[in-house]
Structure formats: structure tokens, C-alpha cells
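Note that ligands are numbered from 1 as they come in the structure, with each ligand's atoms numbered from 1 the same way. Small disclaimer: the values here were computed from a predicted structure and weren't measured.
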Amino acid sequence: MSFVQGVHRDQLVMFPESLDEYIRDGNPVRFIDAFVDSLDLRDLQFERAIAKETGRPPYFPGDLLKLYIYGYLNHIRSSRKLEKEANRNVEVMWLLGKLAPDFKTIADFRRDNGEAILRACREFTTVCREMGLFGGQLVAIDGSRFKAVNSRERNFTRPKLKKLMEKTDKKIRAYLQELDAADEEETDIDHPTAEELREKIEKLKTRKLAYQELQHRLEESGESQVSLTDPDARLMWRGVGSLPEVSYNVQISVDAKNKLIVDHEVTNACNDEEQLGPMAIRAKETLGVEKLEVLADKGYYASEQVATCAENGVSPYIPKPEKSSSKREGLYGKEDFRYDPETDCYVCPAGQVLTYRYRSHRDGRDIRYYTTGGCKRCSQKDRCTRNKRGRKLWRRVDEAYLEAMAQRVRGQPEKVKQRKSLVEHPFGTMKHSMKQGDFLTRGIANVRTEMSLTVLVYNLKRVLGLKDTQSLVAALET
Ligand code: SF4
């Protein structure tokens with residue numbers, strides 16, 4: 001039996017096959033093509049969307065956008081690799097009409113069109129919304145760290161600089177001692193010469209000056225750390241059991257219906273405490289709904305953020321983190337006291353009423369304090385407080401929002417449990433399946449553009465899994 005035979009390389013064909021014949025109807029490149037063609041690139045403010053009358057004709061931004069979307073969909077993100085693909089990959093040839101821009105043109109397009117690419121990503125979200133792919137009732141918000149182009153060694157915090165300078169001083173002192181000894185003794189062949197020691201000392205002094213310069217920079221900027229390769233990136237913890245890496249904090253909101261990403265943001269904030277309000281409000285606006293429920297983890301628990309959500313029609317569900325020092329010491333926690341909003345008083349486990357006494361401002365927050373005169377005679381005092389004068393409770397002015405949220409969390413535990421499965425799926429897909437857990441470019445503006453492309457392609461992949469290419473193309477044409 002013989003093998004399946006291909007066409008001989010020297011065989012001439014009378015009627016050349018068209019590129020279109022190589023691209024089957026269900027090929028995702030047809031959807032990329034139709035989507036980019038449906039965009040108004042001038043409206044999205046792509047550079048060179050209108051060709052100049054004179055000069056060398058530029059590449060049409062739509063062609064370069066198609067190339068990037070195709071590349072990100074197929075794990076090809078570098079401009080040099082995309083240049084190669086344009087010369088050998090029949091799908092790219094079809095998509096670009098056999099245009100083969102050089103890597104610099106490709107890289108410049110991504111660098112110069114960050115905002116426009118973000119707008120194109122949002123246009124795709126609008127397409128998804130118009131196709132009814134968002135539920136618009138429940139979203140999960142989460143953040144994940146994506147590695148920046150900056151090694152740990154090229155990031156300096158104040159404590160690290162202090163340690164390095166101490167270490168350098170110690171080494172200098174040791175070399176100086178060796179130098180004194182070398183001056184007095186005969187030169188030993190196994191030991192560095194006085195000249196070599198002087199060189200080492202000079203090098204260490206130069207290094208110390210560089211550390212001092214960095215420390216000075218930190219003092220002037222008020223920042224807590226400095227990164228040398230990518231100045232916008234920050235050293236961040238990446239989770240239990242892993243070492244901190246110089247990274248960016250990527251925030252996403254994911255709709256519960258089809259796990260599509262509603263919105264995303266890239267920040268260099270080292271924690272998620274201030275992200276809930278802006279992310280939730282933007283998700284609500286993108287979905288075009290009046291009310292929205294939002295799931296988030298304990299890292300987002302911040303009273304001002306919860307209050308902002310509540311004031312803007314968003315109901316967050318965030319479990320309360322266990323921070324109470326009283327509980328840790330085995331004493332009654334605040335949750336053991338019942339607050340009565342009618343009288344603005346707390347009732348303690350011994351039945352005493354704690355009334356409002358005074359108000360103060362702490363860490364930028366308005367705090368109200370409550371006490372009772374009954375503590376001195378209380379039989380449960382040992383279980384309640386170590387303070388001789390009795391127990392003092394504090395309450396944030398916007399604590400009612402936290403209490404309402406705690407009630408929601410207690411009432412619907414199954415909803416809270418959904419968070420993990422909703423939001424970990426997109427991050428897992430982006431980092432592992434799409435291999436886009438690290439950035440290739442430097443600077444927050446550039447990494448934002450990279451993330452816009454990653455999110456656009458994640459959503460595109462997801463949509464292609466929900467509907468066939470032909471019906472998607474048809475939907476864009478209507
Ligand atoms: S110590 Fe004071 S606040 Fe605590 S249980 Fe006793 S009376 Fe109530």
C-alpha cells in the first residue's frame with residue numbers, strides 16, 4: 001500500500017488557486033477580518049487612519065490591527081515573529097492581502113495606538129453585549145499580577161537599599177583592614193595585592209554612591225520603591241508560597257453568564273484596596289444596566305469603596321477579613337455587639353448599652369466611638385476587654401454599608417462561592433493557555449496596550465467557542 005501523496009513542488013498549475021480557497025468558512029481569521037472591517041478606525045482615533053495626499057503611503061491601521069489580533073490569538077506577540085508570519089503563514093497572507101510589514105512598523109503601530117487599541121477592545125465588548133452574550137446581573141472582580149520586564153535584582157525598596165549599603169560598608173571595612181595588613185606584610189601570592197584591594201574598594205564606593213543616589217530619588221519622589229528597567233513596575237506579592245516579582249496589577253470584571261471580560265485595567269498599585277469602586281462602576285456602565293451585583297475577595301474589603309458602590313447602584317458581596325485584634329486575643333469581637341440604627345447605640349453581650357461619645361478622624365476616615373459605664377461591675381469583663389476603663393467600640397460613618405453587605409453575604413453563600421470559578425477562569429486562560437502571563441514591553445502605557453489585546457483575544461476566543469464563525473460574521477454585517 002502506498003502513502004498519501006502531496007503535489008510535486010515542480011508541478012505547474014494552469015489556474016493559480018486563490019488565497020481564499022485555503023481559508024475554510026469556519027476559520028476564525030474570517031471573524032477577525034470582519035470585526036476589524038466593522039470598526040470605524042478614524043472614530044477610534046487610530047494613527048494614519050486617513051492617508052496623506054503626499055509622501056510614502058503608510059500601512060492601513062486596520063491591517064496591522066488584524067495582524068496583532070491574529071498574533072495574540074495564536075501566541076505570537078513579538079513584532080519580529082509577526083513579521084516572519086506575514087511572510088510564511090497563509091492565514092496571515094489572506095488576512096493582510098499578502099502585505100508583509102517589517103517588525104519596526106509592526107512594533108511602532110502597537111506603541112503609537114495604545115488608546116485606540118483599548119477603544120477597539122471596548123468595541124468588541126459592545127459587539128458581545130449587542131449579541132446578548134452578557135447577563136448584566138452579576139460580575140466578579142479580581143486582580144492578578146503579570147510579570148514586568150524588570151528583574152527582582154533591578155528593583156530597590158528603602159529597606160533593601162539600607163541593607164545593601166550596610167553590606168557594602170562592611171565589605172569596604174574588611175578590604176581596608178586587609179589593605180593595612182598588606183602594607184605591613186610581605187605580599188602573599190594567595191592574597192590580593194594592595195593595588196587590587198584599592199581597586200575593589202573603589203568599585204564598592206562607586207556602588208554605594210549609586211545606592212545613595214537611588215535612596216535620594218526615593219526620598220524626593222515619596223515612592224517606596226524604584227524599578228530600573230521598567231520604572232512604572234512595582235515589586236508585588238504573587239500569592240502564598242511564591243516569591244514577590246516586579247509586576248503590574250491587572251484588574252478584570254467578568255460577567256457571570258459566559259465568563260466574558262466586561263472591562264479591565266492595568267495599575268501598579270500593590271494591593272486591590274482601591275480598585276473595587278472604579279472597576280464596579282465601569283462594569284455597570286459598560287453593561288448599560290441600572291443595578292449590578294459584584295463579587296470580590298477579601299482583598300477588596302474597604303468601607304469607602306463599598307460605600308461608593310452602594311451609592312452608584314452596585315451591590316458588592318465581599319466576605320469580611322478577620323482583622324479583629326480582640327478576636328485574636330480570645331475576647332468578644334465587634335460582631336458580638338448588636339448595633340441599633342434607631343438609637344445609634346450598641347448592645348453588648350452582657351446587655352449593657354454603649355452610647356455614642358465622640359468622633360475623630362483616623363487614617364483619613366471619620367470614626368465614631370461608643371462606651372458604657374457598666375463595664376467596671378461587669379462579670380464578663382475578662383472575656384471582653386483588657387482596658388481597665390472598659391470596652392470602647394468604634395464605628396466608621398459609612399459602616400451601615402458594610403453591615404448591609406455582611407447580611408447579603410450571610411444570606412447568599414452560594415453566590416459568594418461563584419467568585420472563584422468566574423474570575424479564575426479568564427486569568428488561568430490568559431496566563432497558561434494563551435501564555436500571556438508576562439509583558440513584553442516596558443512602561444504602563446505600553447503594557448496597557450498589551451493587555452487590551454490579550455483581553456480582546458480572550459473574549460474573541462470565548463465568543464468563537466459559543467457561536468460558529470459564520471453566524472458571528474453575519475451578526476457583524478447586520
Ligand atoms: S465589659 Fe462592658 S462592654 Fe464588655 S460585656 Fe461587660 S459591660 Fe459589656
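Counting only distance, with no hydrogens or angles, the side chain of Tyr68 and the backbone of Ile106 share a donor-acceptor pair below 3.5 Å.
Applying the side chain to side chain donor-acceptor pair (under 3.5 Å) test to every pair with at least one member in residues 276-286, sequence neighbours left out, gives these pairs: Asp263-Arg282. Pairs engaging residues 345-360 under the side chain to side chain donor-acceptor pair (under 3.5 Å) rule: Tyr346-Arg395, Thr355-Arg357, Arg357-Thr371, Tyr358-Lys392, Arg359-Asp366 [sequence neighbours left out]. Sorted by first then second residue, the side chain to side chain donor-acceptor pair (under 3.5 Å) pairs that include residues 157-169, not counting sequence neighbours, are Asp169-Lys208.
Relative to the six-membered ring of Phe134, Arg129 misses at least one condition, a distance below 6.0 Å or an angle of at most 45° to the axis.
Residue-and-atom listing of protein N/O/S atoms under 2.8 Å from atom 4 (Fe) of ligand 1, sorted by chain and number: Cys384 SG.
Ring-plane geometry between Phe35 and Phe124 is classed as perpendicular, the angle between the planes exceeding 60 degrees on a 0 to 90 degree scale with a lower cut at 30.
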